[in-house]
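All values below come from the heavy atoms of this structure, side chains included, with hydrogens, waters and symmetry mates left out. Computed from a predicted structure; not experimentally measured.
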Amino acid sequence: MDVQRITFERTGGFAGMHMVANISPDDLPEDQAQALRELLDELDFEELPQQLMNNPSLPDQFTYRITVETLTAEHSIVTGDISAPEELQELLQLLNRIARKQSRRD
């Protein structure tokens, strides 16, 4: 998957926080960019359903929107802490780390 940009949005949680990060793999260290591409390929991200929420009304849960843009398409999914499939958890953790690092630089 030739990823141009990833928009990662996290909302909710105990304090109702909102965080948005625009991530370009080209701006990341090579090991992180490679890990990100591999995870997206392993998940077959562009084939995931748009909604991966089992119970959107759980209190204090984070909700995530991930949009992946390639040269030819764009695909978004919405999931939550609890409803995210196990194989998606690793991607969420990596994107969270990258987004937190970006927000400290801004």
field: Non-neighbouring partners of R5 that pass side chain to side chain contact (heavy atoms under 4.5 Å, CB included), sequence neighbours left out
entry: T7, N22, E69
message: Quick check: closest heavy atoms across T67 and E74, and the distance to 0.1 Å?
response: CG2-CG, 3.5 Å
- prompt: Shortest non-hydrogen contact from Q61 to I82?
  reply: OE1-N, 3.1 Å
message: Nearest 0.5 Å, please: how far is CG in L92 from CZ in F62?
response: 11.5 Å
task: Taking side chain to side chain contact (heavy atoms under 4.5 Å, CB included) as the test, write out the residues that go with F45, two or more places apart.
output: M1, L40, L48, I66, V68, H75, I77, L91
- prompt: Okay, side chain of S83, backbone of L52: is any donor-acceptor separation there less than 3.5 Å?
  reply: yes
message: Please find the pair of heavy atoms, one from P25 and one from A33, that lie closest to each other, and give the distance.
response: O-CB, 3.4 Å
query: With a 4.5 Å heavy-atom cut-off, do L88 and L39 have their side chains touching?
result: no
query: Looking only at heavy atoms, which two atoms of Q4 and T70 are closest? And how far apart?
result: CG-C, 3.8 Å
task: For Q89 and A84, indicate whether the former's side chain and the latter's backbone hold a donor-acceptor pair under 3.5 Å.
output: yes
message: Within the supplied structure, the quantity of interest is the number of heavy atoms (other residues, nucleotides, ligands) at a distance under 6.0 Å from E87 CD; does it exceed 12?
response: yes
task: Taking the side chain as every heavy atom from C-beta outward, state whether T11 and M19 have any pair of such atoms under 4.5 Å apart.
output: no
query: CD1/I6 to CG/L28 distance, rounded to the nearest 0.5 angstrom?
result: 8.0 Å
Spatial distance of atom CZ (R65) from atom CZ (F8) [nearest 0.5 Å]: 12.5 Å
task: Would you kindly check if the NZ (Lys) or CZ (Arg) of R10 is within the cone defined by 45 degrees around the ring axis of Y64 and under 6.0 Å from the six-membered ring centre?
output: no
- request: Rounded to the nearest 0.5 Å, what's the gap from CD1 on I98 to CD on Q93? Could you check?
  value: 12.0 Å
side-chain hydrogen bond (donor to acceptor under 3.5 Å, both in side chains) contacts in which one or both residues fall within residues 34-48, not counting sequence neighbours: Q34-E38
